[in-house]
Structure formats: structure tokens, C-alpha cells
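Notes for the one structure printed next.
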Amino acid sequence: MLLKIVEHIDIAEAYNYLQHPSCGAVNLFIGTVRDRSRGKEVTKLVFEAYETMALKEFEKIALLAKQQWPLERITVIHATGEKLPGDAVVAVGVASPHRQAVFEATAFIMQELKTTVPIWKHEYYGDESVWINAHP
Amino acid sequence: MLLKIVEHIDIAEAYNYLQHPSCGAVNLFIGTVRDRSRGKEVTKLVFEAYETMALKEFEKIALLAKQQWPLERITVIHATGEKLPGDAVVAVGVASPHRQAVFEATAFIMQELKTTVPIWKHEYYGDESVWINAHP
Amino acid sequence: MELLLFGVTKEIVGKSKLTITADKSIPDVGSLKQWLALQYPALSALKSLAIAVDNEYAGDGETLKEGSEIALIPPVSGG
Amino acid sequence: MELLLFGVTKEIVGKSKLTITADKSIPDVGSLKQWLALQYPALSALKSLAIAVDNEYAGDGETLKEGSEIALIPPVSGG
């Protein structure tokens, strides 16, 4: 498993890691910074992570995925720091002998990641900024 | 839409094409040559395509996907010629503002591609070879 | 009429193109399939055999016109 | 006891670490939450507030031990 918190996500590295001789199906999800959010133009995002715990949560999620689907490779990479529109902020990839498994597993990992992993997004629009999801 | 039949699939090109300012979700499926098939070691695959028709079918599938999900980018790339274990043979990618859409759309496009697109796989194991799926 | 052959059909027929004299006995896709089955019995052993006319899958009733691009489509296996 | 603060909780408290004197009045996670709500009322306005002990989410009943790594986890928003 390739589980990392990094400043810059290297898509080629993720894809290379996912290669496995017995796996014909590789799926890679990449979440990027959108140019608009809540009807406003986004100038930047800043991601903060509680790294040691986030990596533990990545591992738990990856193991849960492995229990449910036949996966030979799993990678979960999240970026921290300042990100501009278009930048990759998260990459989740899996490799399996089975095609349907890779779609389901990637979707599952992303869903869990958004629910449990201690990473926080601070969204900036011009002068304003907000911690996403913090308040009701 | 980036729809191509090529000798060599360039993953970086596919990913770069999928970037779109309003899309926070990018998903890329890559099908690769497995080292074993039907219990035998695979030495190589050879893909043949009826190119003009295959590209038309790619377009039909991409348009069907666009009707069902909000997709700003769609790429379908298939390789032809001789492919060795580990080589990429197909890349299907989409970009959308919505995360769940990208998983469903990629799975749909792959399913349709395998059903309708005139491309044929000739699998080689040592001295033997077989046109996959040709006979009951 | 020229027929493009792909995959296993190319092997069965032994070439990648087949020229058939346009003939009243082969007016449509259905009769072309019957003619092919007679000429090349091995085609009947395939899981399926479709015909494309001008790059589109064609039903048995579709009329064959001189100048159309006709192709044999054995079971596909891309992806 | 040291408390690590992240995201909006760091802003509310005004620092990234908070040192609390180990105290019989804060024996467990639940009482820590109560103490925090009194000291920093803005924390109560959050959608949720979890506590992690040694890098694991901790229930209200979990005892706090000197030397544990304790962290405030406001609603997460990664991905």
C-alpha cells in the first residue's frame, strides 16, 4: 500500500505503483481544486492534516477495502498546504484482477476518506475564507 | 472528447486532457495486459481494430454517458498491435463536478466498450493462440 | 462489393478483404450472412457474427448498395 | 496534558497546542469536552467535535492518561 501525505501529488508515481502483473484493472481517482465553490470564485485552498492520525486512518480504510474486494495494490495520497484551482488534492487508486471491483473500491475509499480522515480544507475567495464543513 | 486508437497509450496525456476548471472529480480507468489468462502464462496480446467504426462507437458511447451524467471531459483510448504483460491496452477517463458521477460513468463506458466496439484481442500463450470470445 | 474482414474472420477466410460480385441473390444483410455461411462454414461456429454497413451495425433487412463499406464483425473483445 | 489543535479549533483557541494541567476534574474524554465548551464557547457552535487519543477516535468514556497524545478533531473536510 502506498499511503502518503505530501505537498505535491505525483500522478505518474501513483500510476506506476498500481502496476501489478496479475491485475488487468487499474482505477485512479483524482480530486482537484475547482475554480468556483458556493457560487464564489475560489482563489486558493489550504489543506491541513493531522498527519500521524490521517495515515493510520488511510491504513484502516485500505484494509477495509481489501476485505471487500480482491485488490493487489492500493494507494491513497492527500496533499497539504496551499492549492490553486486545477491542482490535485487527493489521489486514490487500486489495482485488481476484476474490473468492477476497482470502481467500487475507489468509490468506497473516497467516501470513507471524506468521513473519517483528519484533514481540513480552508477555502479562500478573495478576502473571505471558510473552514469547509465546520459549522452547521 | 478525446477518442483515439493508438499504438501506445500515454497516461499523462489522458490525465492532462481531463483537467477542467469546474470539475473537482477526475477518474481514469486503465486496462492492462495480465500475465496469466485461462490458467496459462500470457506471452503477448495482439489487438486489431476496425478503426473508423471503433471511433464512431467510442463517440456514441461517450454521448450516451454525457446524457446520463454531468461530464465535462471524456476520453476513450484503445491500443492496437502487440502488447506485453503490464502494457496499457485501454484508458477511459472522465471529469465531472460530481464525484459519484465519475465512477458510474467510467464503469458504464468500459462496459459498453467491451460490448459494442469492433476491437479484437488475440491472446498468445507460448505456441498456442486464441481469438478471445470468438467461439462459444 | 468489398467486404472487410477482421479478427478470426480474417483467419477463416484467409484474407483481409473479400470481393463479391454484386448479385441479385445477395440483396441484403440477411442474404449476405446466408451466402457467407455456405462459402465459409467455419463462420457458423462463431459465437456471433454481425455485419456493419458504412461503419454502423446493420440489421438483416438492410439493403446492400454497391459502394457501401461492408465489414464482418465477429464477437468483439476490446478493453 | 497537551492538546493538539487543528483547523477551525486552532483558530478558535488561538494556538496550535494547549497545555492543560492534569486534573482530577478532567478524568476522561467526556469531561474534557465539557471543560473545552466552558473555556471556548465557540467550539460548541461547530457541527461536531471529536477527540482523538493517541491517533484514534476516542469515546466520551475513555480515560485520559498523562503522556497520551490528545487532539481536537473538528468536522473533517479532506478529499
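Scope of the values below: all heavy atoms of this structure, side chains included, with no hydrogens, waters or symmetry mates. First the proteins, then the strands, lettered A, B, ... as listed; each starts at 1.
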task: Taking the six-membered ring for Trp and the single ring otherwise, decide whether the centroids of A:Phe29 and B:Phe103 are under 6.0 Å apart.
output: yes

query: Shortest non-hydrogen contact from A:Gly24 to B:Arg34?
result: N-CG, 3.4 Å

Leading residue by heavy atom contact count with chain A [cutoff under 4.5 Å; candidates B:Ala91, B:Cys23, B:Ala88, B:Gly86]: B:Cys23

query: Is chain A contacted by the side chain of B:Pro21, its backbone, both, or neither, given a heavy-atom distance below 4.5 Å?
result: both

field: Under 4.5 Å from a heavy atom of chain A, the part of B:Ile30 involved
entry: both

task: Under 4.5 Å, counting heavy-atom pairs only, tell me which of B:Ala25, B:Gly93, B:Ser37, B:Ala95 racks up the most with chain A.
output: B:Ala25

- prompt: B:Asn27 and A:Thr106: which non-hydrogen atoms are nearest, and at how many Å?
  reply: OD1-CG2, 4.5 Å

statement: Honestly, the part of B:Glu104 sitting under 4.5 Å from a heavy atom of chain A is neither

Which portion of B:Ala12 sits near chain A, non-hydrogen atoms under 4.5 angstrom: neither

Pairs of heavy atoms under 4.5 Å with chain A: top-ranked of B:Gln111, B:Gln100, B:His20: B:Gln111

- prompt: Around B:Gln68, counting heavy atoms of other residues, nucleotides and ligands shown, do more than 12 lie under 6.0 Å from its CD?
  reply: yes

- line: Note: B:Arg99 and A:Ala107 closest approach over all heavy atoms is NH1-O, 4.4 Å

